[in-house]
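Owing to the predicted nature of the structure, the values given are computational and were not obtained by experimental measurement.
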Amino acid sequence: MASALQTRLAVGSGREPNGMGVFLPCGPPRTNLATYITEFKRLADSGIRLYGYVHTLSDVATHTARPLSAVQADIAAWYGPGLAELLTGVFLDEVDPALSNAKAWDYYSQLAEADVYVRFEDYAADWAPGLGAGLRCDCAAQSSCAALLHGLAPAAAGAAATAAAVARIVSQADARSFSYVFVTDRVMPDPWDGLPSYFAALMDTVAPWQLSGDNFRPLLRSRPQVVDVDVDNVEQLLQQAAEVGVSRQDFKLICYFSAGTYEPARAAADLSQRQSMDPPFGEELWLSVDLDSTQQLLLEKVMIPRMQYAAARGCDGVELDNVDAYDNVPPASFKSVTPAQRPARGVTPQAQLAFNAALLDAAHGLGLSAGLKNALDLLGRSFADGRRVSDAYDWFLNERCWEFNECDAYGDNIGWPASVMAVEYCDSVRRFGAAGSQGVLRPDCVCPLANAFVGAAGNATLSHLIKTVDLQALGLDCRAYCAAPGVNCVPPAGGKVARCKEPKASEYDFRVWRGHE
């Protein structure tokens, strides 16, 4: 029987496999609420997304709907105190197009507008015939689609054959525009009360499909105002936008490339590898922007062609990454290099400013907006021609300013109505934090602080996203989080980001949030 899934937030997994979700059965808890909240929180803090279950039929056999007020009361109870902040959304089960006591459209339209529609829920043996009959996500312009298959027994040939069968179903679902899929070998009458015996193989197949960056449909259906995507993925994104009925005029398209490091996946003719610093530092090969001659060559042969490529594909602006080489490969970093580099090497703030000014002017010359990513030390400086850095860029992008208590730099230096887009990696503190201070940046703490951000003269605005350090994962938009029912986003008096870290010895593991890519 078809079902509708109303999601409030998009939440991903941390310690649990990517995409892991649980429907909390039997309706909202009416007694022992504190116990339920404790156990639900244990699940949520391990990265599992939770959906409150609500059934809509009082008698399945006669197609009789429950009283609308009873269903609405269950939904309200799920979003009550203590539960709302733990839920991803509500799962409306038993959605029946042939109600005997109400008009289905009138009844269900008063409950929710589904973000995800379970288009197929049936025996795995009926999947192939359904595809043959034209099964697909036929409401792609309105919502994402899910497929739930049960009764797919493990292959007699062994685990590899089973994994191949699961991968084939996932590939077929993807080809028919499904965004979610679940396959199990459990059988009726209740195939959903446990995990399939090949769960690991399923997650190995599904997780890359959801997070690979190749499927932009869920993001596009959320009707974003701004989309930031790798410049080489633009054509695929625009094709999928047309599929789901999203007009190109409905969003600004920002296109990413690195302007400061060698990117081996770019065009073979890219000369940047030959203009990188030797030896390489860290995991990235930084470009030689410390020399005037190299700067000019990089601009003419690499960066401007990339921008022209972006403009030709319809990008509105460019995200120029790694424009802070002065902070990663400064002259001091070469002191230990032997033999000594001649001429002396290393990027100074002055050299970086010269290169950044040329990048900015090239972008503007092609009709592209350009944002300054990170490089907070440059905000209070000026280019050689006297333009203030904080005034010259069209927008700003930051990673981890709350974690390092640096967000105020935008408020202190920007004196015009600028847009500051920020991302916090909620597991970065846990992975890379100093000993004794590892923890997690909690959205219930960070988002109120982000909402309270006020720029110079009250002008600049900050839009904050919380996601994992996995750059292919989605993230949670603080604006959506704070707008959700039952969520309090009033910042605490004197709130500091340091107080948003759960201590390493916390009973709970970290929560990883996903929103849009």
> So which heavy atom on G151 is nearest to which on V187, and how close?
Replying inline: CA-CG1, 4.2 Å
>> Using 0.5 Å steps for rounding, measure from the CG atom of L376 to the CG atom of N398.
In response: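 Going from the CG atom of L376 to the CG atom of N398 covers 5.0 Å.
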> How long is the span from the OG1 atom in T56 to the CG atom in D96, to the nearest 0.5 Å?
Replying inline: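 Here the rounded value is 7.5 Å.
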With heavy-atom distances below 4.5 Å as the criterion, would you say the side chains of [X] and [Y] are in contact?
{"X": "F251", "Y": "Q225", "value": "no"}
{"X": "Y107", "Y": "L68", "value": "yes"}
{"X": "V226", "Y": "I254", "value": "yes"}
{"X": "D321", "Y": "Y256", "value": "yes"}
{"X": "F396", "Y": "L379", "value": "yes"}
{"X": "L320", "Y": "K373", "value": "no"}
{"X": "L148", "Y": "V118", "value": "yes"}
{"X": "V183", "Y": "W127", "value": "no"}

>> Going by the rule ring-ring contact (aromatic ring centres under 6.0 Å, His included), which residues pair with Y36 if we only count those two or more places apart in sequence or in a different chain?
In response: F40
Any sub-3.5 Å donor-acceptor pair from [X]'s side-chain atoms to [Y]'s backbone N or O?
{"X": "R248", "Y": "L238", "result": "no"}
{"X": "D250", "Y": "V246", "result": "no"}
{"X": "T162", "Y": "P154", "result": "no"}
{"X": "E94", "Y": "H55", "result": "no"}
{"X": "T64", "Y": "S58", "result": "no"}
{"X": "N322", "Y": "T261", "result": "no"}
{"X": "W78", "Y": "L83", "result": "no"}

> What do the steps show when you test Y108 against L99 for side chain to side chain contact (heavy atoms under 4.5 Å, CB included), and what is the final call?
Replying inline: CA-CA 10 Å; Y108 292 111; L99 296 178; 3.7 Å; yes
> Hey, are K252 and D228 close enough for a salt bridge, meaning a charged N less than 4.0 Å from a carboxylate O?
Replying inline: no
> Stepwise, does the side chain to side chain contact (heavy atoms under 4.5 Å, CB included) test hold for L33 with I37?
Replying inline: CA-CA 6 Å; L33 184 60; I37 291 175; 3.8 Å; yes
>> One pair to check against side chain to side chain contact (heavy atoms under 4.5 Å, CB included): L111 and V90. What are the steps and the verdict?
In response: CA-CA 11 Å; L111 295 176; V90 170; over 6 Å; no
> Please, which pairs that meet salt bridge (Lys or Arg N to Asp or Glu O under 4.0 Å) have at least one residue in residues 52-66, sequence neighbours excluded?
Replying inline: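 Residue pairs passing salt bridge (Lys or Arg N to Asp or Glu O under 4.0 Å), neighbours aside: R66-D74.
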>> Side chains of T38 and T35 only: does a donor on one sit below 3.5 Å from an acceptor on the other?
In response: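 Distance-only check fails for T38 and T35.
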> Which pairs count as ring-ring contact (aromatic ring centres under 6.0 Å, His included) when at least one residue sits in residues 145-168, sequence neighbours excluded?
Replying inline: Y123-H150, H150-W192
